[in-house]
Each structure stands twice: as C-alpha cells, then as structure tokens.
Amino acid sequence: MSKLIIEELNSIVDKKLISFHVPGHKLGKIYDKLNYKNTLNKIYSMDTTEIPGTDNLHSPEGIIKESQERASEVFKSDKTYYLINGSTCGIQAAIMALCPPKSKIIANRDCHQSVINACILGDIDPVYINSEIDKNTNILKGINIYDAIKVIDSNLDAKAIILTYPTYYGMTYDLKRICDYAHSKDIVVIVDEAHGAHLGLSEELPKTALEQGADIVIQSTHKTLPSFTQSSMIHIQGDRVNEGRLVSILKIIESSSPSYILMASLEIAVDIYNKYGTKLMDELLNNINKLKNSFKENNNIEFYDTNDKTKIFISTINMGLIGYELETILREEYNIQVELSNYYGSLLICTIGNDSNDFKSLETALNEISEKYRANKSIEKIEYPNNIPVKKLTPREAFYKNKKSVKIYESIGKICGEYIIPYPPGISLTSPGEIITKEIIDYILFCKEKGMNVSGLKDSNLGQIQIIE
Ligand SMILES: Cc1ncc(COP(=O)(O)O)c(C=O)c1O
C-alpha cells in the first residue's frame, strides 16, 4: 500500500529512531537540548523570500552578509558564503571558477560524483590520483602524498587540485604538504571537506583544511553539525581565488529562491558551534572512547581506527556477519540507523547531537548481537576494484555521445556511458568515458547480491549497462 512521505517521516519521529547518520542535528535532538525549540517552532512561519529587511543571498548587503561574516570568523576563513544547494553546488562552483573549459583538474579517484559532474558542466578534464583502500575493510583511506606529488609533477598545466579530506570514513593524510607543493607549482587547492565541518572543535581531531593551507574549502554543515539537510558553506582564504567568478557561478547554479529556513539553520549551527561546540565535542569523544573500551575484550565487535574519531566503523566479520546484515539488524531490532555499510562493516557518523543514551543503546545492541548472531561461518573476501580505469573520452564528451544498453558482462572492455556508483558512499567506480573492467563488474555484482545499492545506472537491477555506441 502506498504511503505518504509525511507518514513515513512521522513514523520515524514517533519511533524516536536513534540516529548515527546525517544530518548532524540527530532528528532535532540537539535543538531541544540547547533550547532552540522556541525559534524552531516558528520555522514554517519564517519561510519567506526576499522582502524588505530579509536581504538577498545572491548579493548580500544586510542580515545575510552579517551572518556570513560571523560564520567566517567562527570557521577562521577570509570569506564565507552560505550554500543552499549542498556542498554539491559549492564543489561545482569552485571547480568551474578555477578551471576554464578544456583545462585540467587533478582529483582523488574516490572523489564525490559532483566533481565529475562539474567536469561535464564545465568541459574540464579530470586526472586522478589513486586512493588507498584498506584491504580488510574496504575503507577509503585517502590519497598517498607521494602519489599526489607524482600526479602534480606530470600535470603541471592543471589549474587546480581537488581533494576529499577527510574521507567519508574519517581518514586523513598530510594535506598541508600537498597544499604547499601544489602552491609551489601555481596550482590552486580546493578541499571537499563535506565530512569535516566539525574538525575545528577539538585538538583530538585532525586539523582543518583551512589550517593546512587550502584555498577553497567546502563543508556540508548539515552532515556533521546541526544545520538542515542541503545547507552547506564555502570558505575562501588567501588571494589565489577569483572570488568574483566564484560568486557569479554560484548565482548561475544555485536556486534563485534561496531557502531562508536553510540559511537560518546555518546561522543556528554557527551559534551552537561557537557557544557549545567544544564542550559537546569533548563529551562526544568521551562517549565514543567509553564505547570502544567496553568492547576491547570482545573479538566479535571490531572498531577500525579512524583519524577523525567521530566516525565509527564497526566490523562483525569475525562472527560471520557482513556489514549489510549488521545494518539491517541494528535498524530492525534496535531502532538504530547507521550511515552506510560496505561488505565488511557499518559506518556510524557521530556528532555533537548524539548523547550518552545513544551510545548506551548502541552498546546494548552490539553486546546482544555479539551473543545472538555468532556464527562459525567464514566470510568470502572481496577486494575493492582500486585500479583507475583507462579514460577514452572526457566526462563531457561521453555525456553527449549516443548510448546503448548491453548485458552487463558484454560491457567489459567497452566505453562506459553512465556512472557505476555504490550508494552510499556515492563514489564512482566507473564514470562516463572510461573503459569498463571485469574487476569492477565482478565487484558490483558480488556486493549487489550481498545487499549493496548501486546508483547512477539506468537499470538499477544491474541486468544491463549503458555503453557508448
Ligand atoms: C565526499 C562528499 N563530498 C560532497 C558531497 C556532497 O555534499 P552535499 O550532500 O552537501 O551536496 C558528499 C555527499 O555525500 C560527499 O560524501
């Protein structure tokens, strides 16, 4: 029977789902705790447009300008702009502002799909740096700096480099070294810090991208801080960025009716970050430590050592339970929702919106699961297809070519006409214009059978795939 969107959302609220996923406000819990309820109770009455007094996101001179200036101070940038179309639009604007048509950009291979989409929109040619994968967990660890330096050296004509930092799984690397090196070659550094808006809240967390010298940083405030989904920020520092062009592109790609609700939620997130953030982050890191310590002697429940400690990756593979199964059990039996799973485990995004009760519920659930689901079956291993496929066409050339559908195994060796993206994390294994490999097809068919979602394909059941004619 069909259900209304609003009915499903109501049922999640009524069940008081325990959220270890985005958005960072954790189903609004942090607003109640910190007394923002009175303001937010009126939020639908505040849904307005540009009228006298409300300023204009696309040429701010009043309250929006001042609000962005406060955010810039708090996040220690030279300039900050609010984004109401997510980090997606910030990434696209940054890339198109720095890279004219037919130019080159360097990107980490596990970049978000918005990077490749920016290359389609702007007719830009991406060159990739391989991403390191942990073979035991398939966790994306980020780039190796020596690989990055090699790619820079072989592509000195690139206008910019864009790097994901931290990775979705909370892994980091020596970003400062890459920023310094890129700058020495006159290459501008854009950092996709979609998963790291909270990093400035503790010395125990990795340094922020701005602290390490990035020129443009895009953060999904909504993912790890308490703002509403789709609200993000773009920060600029230094003088390598043509700010006027960046603003012009934002005007083109963002809505001409920017949501005041989203902008207000960004302002609230900045306020919470500034007034309560450090203390709440200390409490959060303490709760996470306690949880991990309580499983030190339990080999069934393994925690991966993430650099950003607010990301928890739990593997139950030792007890014969794959990540997709763990996710389903947590949701169906314990009312706990994780952010994503891969074959080897589940990733939980913890934010200052999570309280000690969330961690108690998680601890109880994991203890019970470790008793109840212990199985002596051994798990087949699957390697993440980590080789960068050969590129035959740029993403834009491939986008405008005619495509045809073929059976999935017949596509091997052909030029891909669409994205193959395990979702989440939304990172493309093959993009339009690249040669499809057997390694990739084997991987997606294996993981699909085990419970992974694959997006980007016209036939999401993976019967057929689009190739370039
Ligand atoms: C690494 C990374 N970058 C960018 C984005 C896009 O962010 P947004 O959802 O704010 O548009 C995502 C979204 O999941 C992401 O994982």
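Counting convention: from 1, in listed order, for ligands and their atoms alike.
Ligand 1 is never approached by Ile218 to a heavy-atom distance shorter than 4.0 Å. Residue contacts with ligand 1 include His222, since one of its heavy atoms falls under 4.0 Å from the ligand.
The distance criterion of under 3.5 Å between nitrogen or oxygen atoms is not met by Tyr168 with respect to ligand 1. At a 3.5 angstrom cut-off on N or O pairs, Ser114 does not count as close to ligand 1. Not one N or O of Asn85 is nearer than 3.5 Å to an N or O of ligand 1, by distance alone.
Which parts of ligand 1 touch Ser232 is read off a 4.0 Å heavy-atom cut-off, strictly below it: atoms 10 (O). For ligand 1 and Gly86, the ligand atoms under 4.0 Å from any heavy atom of the residue are 10 (O), 11 (O). Of all atoms in ligand 1, listed by their number and element, those nearer than 4.0 Å to a heavy atom of Ser220 are 7 (O), 8 (P), 10 (O). Counting atoms of ligand 1 from 1 in the listed order, those under 4.0 Å from a heavy atom of Thr164 are 1 (C). Heavy-atom proximity to Ile91, at under 4.0 Å, picks out these atoms of ligand 1: 4 (C).
More than 12 heavy atoms of other residues, nucleotides or ligands sit less than 6.0 Å from atom CD of Glu69. Counting heavy atoms of neighbouring residues, nucleotides and ligands inside a 6.0 Å radius, atom OH of Tyr304 exceeds 12 of them. For Lys33, the NZ atom counts as densely surrounded, since its 6.0 Å shell holds more than 12 non-hydrogen atoms of other residues, nucleotides or ligands.
Side-chain contact check for Asp153 and Tyr181: at least one donor-acceptor pair (N or O, by modelled atom type) lies under 3.5 Å. Counting only N and O atoms by type, the side chains of His222 and Ser227 include no donor and acceptor under 3.5 Å apart. Using modelled atom types, one finds no donor on one side chain facing an acceptor on the other under 3.5 Å when comparing Asp134 with Asn136.
Contacts between Gln230 and ligand 1, counted as non-hydrogen atom pairs separated by less than 4.0 Å, are absent for every part of the residue.
Geometrically, Lys450 engages Phe446 in a cation-pi contact defined by less than 6.0 Å to the ring centre and at most 45° from the axis.
Relative ring orientation between Tyr324 and Tyr343 is described as tilted, the plane-to-plane angle lying within the 30° to 60° band.
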